[in-house]
Number of protein chains: 2
Amino acid sequence: MSLENGKDPFKAMRKREDFEEALYDLAETFRVLGDLTRVRILMALVGSESCVRDLAESLDLSDSAVSHQLRILRNSRLVKFRKDGKNAMYSISDEHVATIFREGLEHVEGL
Amino acid sequence: MSLENGKDPFKAMRKREDFEEALYDLAETFRVLGDLTRVRILMALVGSESCVRDLAESLDLSDSAVSHQLRILRNSRLVKFRKDGKNAMYSISDEHVATIFREGLEHVEGL
DNA sequence: CGTTCATATGAACATGTGTTCATGCGTTTG
DNA sequence: CAAACGCATGAACACATGTTCATATGAACG
């Protein structure tokens, strides 16, 4: 940003807009997490990276479905991947994700 | 709580059916959180309970929209409420929710 | 080479979802 | 009491979304 914070009369407004944008991103992240297939994929990736084919087999899904969902997870930075020959190895990208999962599980346990 | 025993909370799940069901509930909870309107409502409720009318006004939403969304949040045990005369006072129901929000915000900050 | 394997992607379809509108219901207030 | 208020809810509509199917790409391997 080019304006100095101290002299910008719209500083407060920009901060509010930044907050609204953060809320939008937060909702978007939860929206991505709010699908059983993606939750199962992420759970399978907790602690052990895996390729598309193995995920599809262990979760009983089509390769295509897994690939589609992994793209969505990738776009939300919830998983990262590296190429290994003709395989694409996926893994959890973020420590916060595990925490979110743990807290979420504790929440549903309390139901 | 059964998940409080230390290193790996996921292994605390004993039966596979229970685990699958927990994943379903987890995805359902995230699905509910994955909507901007509901995120804004929850943020407004963090730290201060509020009634439908005030939420609608401060968030620039219709009473009906707020009420519909609050019902969804209620069904997921994300908010609780008490009747106060003709008002319905809503508040965050679960301390895990605040943690989930905090971790989620840190995640989106890292984008 | 050509074939096979792993992955990606677009289109299409069916299903799910959030909002608005209209209305109902209980409680407070004049 | 009657009117106003706060809230809830069903129907309907517009829109988003996940899966499947077909196909494309690109790397290993005979």
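Scope of the values below: all heavy atoms of this structure, side chains included, with no hydrogens, waters or symmetry mates. Computed from a predicted structure; not experimentally measured. In the text below, chain A, chain B and the rest are named by the order of the sequence lines, each starting its count at 1.
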Could you say whether the aromatic ring of B:His68 and the base of C:dT19 stack, counting only centre distances under 5.5 Å and plane angles under 30°?
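Per 5.5 Å and 30° rule: no stacking.
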Between [X] ([atom1]) and [N] ([atom2]), how many Å, whole number?
X: B:Phe30; N: C:dG16; atom1: CZ; atom2: P; answer: 22 Å
X: A:Asn87; N: C:dT4; atom1: CG; atom2: P; answer: 19 Å
X: A:Leu70; N: C:dT7; atom1: CG; atom2: P; answer: 9 Å
X: A:Leu36; N: D:dT17; atom1: CG; atom2: P; answer: 18 Å
X: B:Asn75; N: D:dT9; atom1: CG; atom2: P; answer: 9 Å
X: B:Leu59; N: C:dT19; atom1: CG; atom2: P; answer: 11 Å
X: A:Glu57; N: C:dC5; atom1: CD; atom2: C1'; answer: 14 Å
X: B:Arg74; N: D:dT9; atom1: CZ; atom2: C1'; answer: 11 Å

[X] to [Y] - nearest heavy-atom pair and separation:
X: B:Val108; Y: B:Leu105; value: CG2-O, 3.1 Å
X: A:Leu55; Y: A:Ala44; value: CD2-CB, 3.8 Å
X: A:Val32; Y: A:Arg38; value: O-NE, 2.6 Å

Does a side-chain N or O of [X] approach OP1 or OP2 of [N] to a distance below 4.0 Å, or not?
X: B:Tyr90; N: D:dG6; value: no
X: B:Arg31; N: D:dT17; value: no
X: B:Arg71; N: D:dT9; value: yes

Stepwise salt bridge (Lys or Arg N to Asp or Glu O under 4.0 Å) check, B:Arg53 with B:Asp63:
CA-CA 6 Å; B:Arg53 185 85 273 289; B:Asp63 297 358; 2.9 Å; yes
Among [options], the one nearest [X] by side-chain distance:
X: A:Lys86; options: C:dC5, C:dT9, D:dG18; result: C:dC5
X: B:Gln69; options: D:dT9, C:dT19, C:dT9; result: C:dT19
X: A:Ser67; options: C:dT9, D:dT20, C:dA6; result: C:dT9
X: B:Ile72; options: C:dA6, C:dG18, D:dT20; result: C:dG18
X: B:Ala88; options: D:dA8, C:dT19, C:dT7; result: D:dA8
X: B:Asp35; options: D:dC7, C:dA6, C:dG18; result: C:dG18

Carboxylate-amine/guanidinium contact B:Asp94 B:Arg77, below 4.0 Å:
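Result for this pair is no, no salt bridge flagged.
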Base, sugar-phosphate or nothing for B:Asp63? Non-hydrogen atoms, less than 4.0 Å.
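The answer is nothing, as B:Asp63 stays clear of every strand by at least 4.0 Å.
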Nearest nucleotide by nearest heavy atom, which residue falls closer to the 5' end of DNA chain D, A:Glu28 or A:Lys83?
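Its nearest nucleotide lies further toward 5', so the answer is A:Glu28.
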Classify the ring geometry between B:Phe30 and A:Phe101 as parallel (under 30°), tilted (30 to 60°) or perpendicular (over 60°).
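Rings of B:Phe30 and A:Phe101: tilted, as their planes differ by 30° to 60°.
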Answer with yes or no whether B:Ser64 presents, from its side chain, a donor or acceptor under 3.5 Å of a partner atom in the base of D:dT9.
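Side chain to base: pair found, below 3.5 Å.
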